[in-house]
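When a residue number appears, it is its place in the shown sequence, counting from 1.
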Amino acid sequence: MRSFIAINLPDQIKNSLTTIQDDLRKSGADVSWVARNNIHLTLRFLGDINDTQSKAITQILNEIAAQTRVFTMDLSGIGAFPSVISPRVIWIGIAADNQEIKKIAQLLEPRIQTVGIAAEKKEFNAHITLGRVRSDLNRVHLTNAIKELQACPEAAKQAVAITTITLIQSTLTPRGPIYETLAAASLATP
């Protein structure tokens with residue numbers, strides 16, 4: 001089963017990010033927008049895993065969650081990979097001082113490898129994907145729309161309470177991915 005580890009976001013944050021998507025849609029660009037219910041922060045993409053690995057990963061999530069306190073993550077602005085001028089992935093960033101997210105990703109990496117998941121080749125870069133650009137149609141308009149939102153950083157700046165780490169199965173369909181929560185590990189309360 002195709003899976004990943006993520007931080008799910010509260011409905012109010014998903015609603016706010018959907019509003020930003022709606023503003024960017026006005027550009028007429030050819031973008032595959034992440035469905036509202038699928039908006040999340042990926043901690044680690046796993047690829048295809050089996051039931052045995054799923055159970056082991058669930059145990060790993062429970063162990064890491066038990067040693068990580070509930071915390072607040074600050075969203076911080078909008079951007080694009082590889083750049084705003086040539087966007088392929090449109091994202092909302094996480095404030096650089098949010099070390100808790102990075103710490104969870106660092107704790108996950110060596111433990112995930114023990115269950116047969118290959119080491120991650122890229123350095124972890126915390127972000128929330130809003131959409132993936134499919135073609136250059138109206139790219140200039142999209143770039144301008146992103147720049148307008150960047151000029152108003154408060155538009156994407158929000159604090160999010162993080163309480164769980166989630167293992168999610170992703171089933172790809174012609175209408176987009178369907179996500180199913182396989183396990184959710186609650187962070188320790190103060």
- Query: Nearest 0.5 Å, what's the CD-CG distance between Glu180 and Leu167?
  - Reply: 10.0 Å
- Message: For the backbone of Arg175 and the side chain of Thr173, can you confirm whether one donor and one acceptor N or O come within less than 3.5 Å of each other?
- Response: yes
- Verdict with reasoning, Asn8 to Leu41, per side-chain contact (heavy atoms from CB on, under 4.5 Å): CA-CA 7 Å; Asn8 278 325; Leu41 186 150; over 6 Å; no
- Hey, does His141 have a side-chain heavy atom less than 4.5 Å from the side chain of Lys26? no
- Query: Would you call Arg139 and Asp30 a salt bridge, using N to O less than 4.0 angstrom?
  - Reply: no
- Query: Is there a side-chain contact between Trp33 and Arg132, using heavy atoms and a 4.5 Å cut-off?
  - Reply: no
- Item | Evaluation steps, side-chain contact (heavy atoms from CB on, under 4.5 Å), between Leu75 and Ile13 | CA-CA 10 Å; Leu75 305 187; Ile13 298 298; 3.9 Å; yes
- Message: Other members of the hydrophobic cluster containing Phe81, with the 4.5 Å side-chain heavy-atom rule, please.
- Response: Val89, Trp91
- Item | For the student: nearest non-hydrogen atoms of Ile117 and Gln53, plus distance | CD1-NE2, 3.9 Å
- Task: Identify which one of Val84, Leu24, Ile92 satisfies the side-chain contact (heavy atoms from CB on, under 4.5 Å) criterion when paired with Leu149.
- Result: Leu24
- Query: Can Ile168 be reached from Met73 by stepping across I, L, V, M, F, W or Y side chains whose heavy atoms are under 4.5 Å apart?
  - Reply: no
- Message: Could you check whether any side-chain N or O of Asn62 sits under 3.5 Å from a backbone N or O of Ala185, counting only pairs where one atom can act as donor and the other as acceptor?
- Response: no
- Message: Under the criterion side-chain contact (heavy atoms from CB on, under 4.5 Å), I'd like the reasoning laid out for Glu109 against Glu120: C-alpha separation, chi angles, the key distance, then a yes or no.
- Response: CA-CA 7 Å; Glu109 187 58 34; Glu120 181 61 67; 3.5 Å; yes
- List the atom of Ile146, the atom of Ala80, and the distance in Å for their closest heavy-atom pair. CD1-CB, 4.4 Å
- Item | Check: Ser83 side chain, Ser86 main-chain N or O, donor-acceptor pair, under 3.5 Å | yes
- Task: Look at the side chain of Asn98 and the backbone N and O of Asp74, then say whether any donor-acceptor pair between them is shorter than 3.5 Å.
- Result: yes
- Query: Heavy atoms, side chains only, cut-off 4.5 Å: are Ile162 and Val160 in contact?
  - Reply: yes
- Does Asn38 reach the main-chain N or O of Pro177 with its side chain, forming a donor-acceptor pair under 3.5 Å? yes
- Mind checking the CG-OG spacing from Leu61 to Ser186? Nearest 0.5 Å is all I need. 11.0 Å
- Should Thr164 and Ile7 count as side-chain neighbours, where that means a heavy-atom distance under 4.5 Å? no
- Are Ile64 and Leu107 close enough that some pair of their side-chain heavy atoms sits under 4.5 Å apart? yes
- Item | Ser54 side, atom OG; Leu182 side, atom CG - distance, nearest 0.5 Å | 5.0 Å
- Query: Do Ser135 and Val133 come close enough that some side-chain heavy atom pair is under 4.5 Å?
  - Reply: no
- Query: If you round to the nearest 0.5 Å, how far is CZ of Arg134 from OG of Ser32?
  - Reply: 5.0 Å
- Output the distance between atom CD1 (Ile57) and atom OG1 (Thr114), rounded to the nearest 0.5 Å. 9.0 Å
- Task: Treating Ile, Leu, Val, Met, Phe, Trp and Tyr as nodes and any side-chain heavy-atom pair under 4.5 angstrom as an edge, say whether Ile94 and Phe4 lie in one connected cluster.
- Result: no
- Query: If Ile, Leu, Val, Met, Phe, Trp and Tyr residues are connected whenever their side-chain heavy atoms lie under 4.5 Å apart, and connections chain through other members, are Tyr179 and Leu46 in the same group?
  - Reply: no
- Task: To the nearest 0.5 angstrom, please state how far the CE atom of Met1 sits from the CG atom of Asn50.
- Result: 7.0 Å
- Validation row: Asn15, Arg36 side chains within 4.5 angstrom (heavy atoms): yes
- Could you tell me whether the side chain of Lys14 and the main chain of Asn37 form a donor-acceptor pair under 3.5 Å? yes
- What one should report as the nearest heavy-atom pair of Ser27 and Ala145 is CB-CB, 4.5 Å
- What one should report as the nearest heavy-atom pair of Ala118 and Arg44 is O-NH2, 2.6 Å
- Check whether any side-chain heavy atom of Gln150 lies under 4.5 Å from a side-chain heavy atom of Ile78, and answer yes or no. yes
- Return yes if a side-chain donor-acceptor contact under 3.5 Å exists between Ser16 and Gln158, otherwise no. yes
- So which heavy atom on Leu142 is nearest to which on Pro87, and how close? CD2-CG, 4.0 Å
- Verdict with supporting geometry, Gln67 and Glu63, side chain to side chain donor-acceptor pair (under 3.5 Å): CA-CA 7 Å; Gln67 59 185 305; Glu63 290 168 5; over 6 Å; no
- Task: Please lay out, stage by stage, how Ile5 and Leu108 fare under the test side-chain contact (heavy atoms from CB on, under 4.5 Å).
- Result: CA-CA 9 Å; Ile5 298 168; Leu108 277 170; 3.9 Å; yes
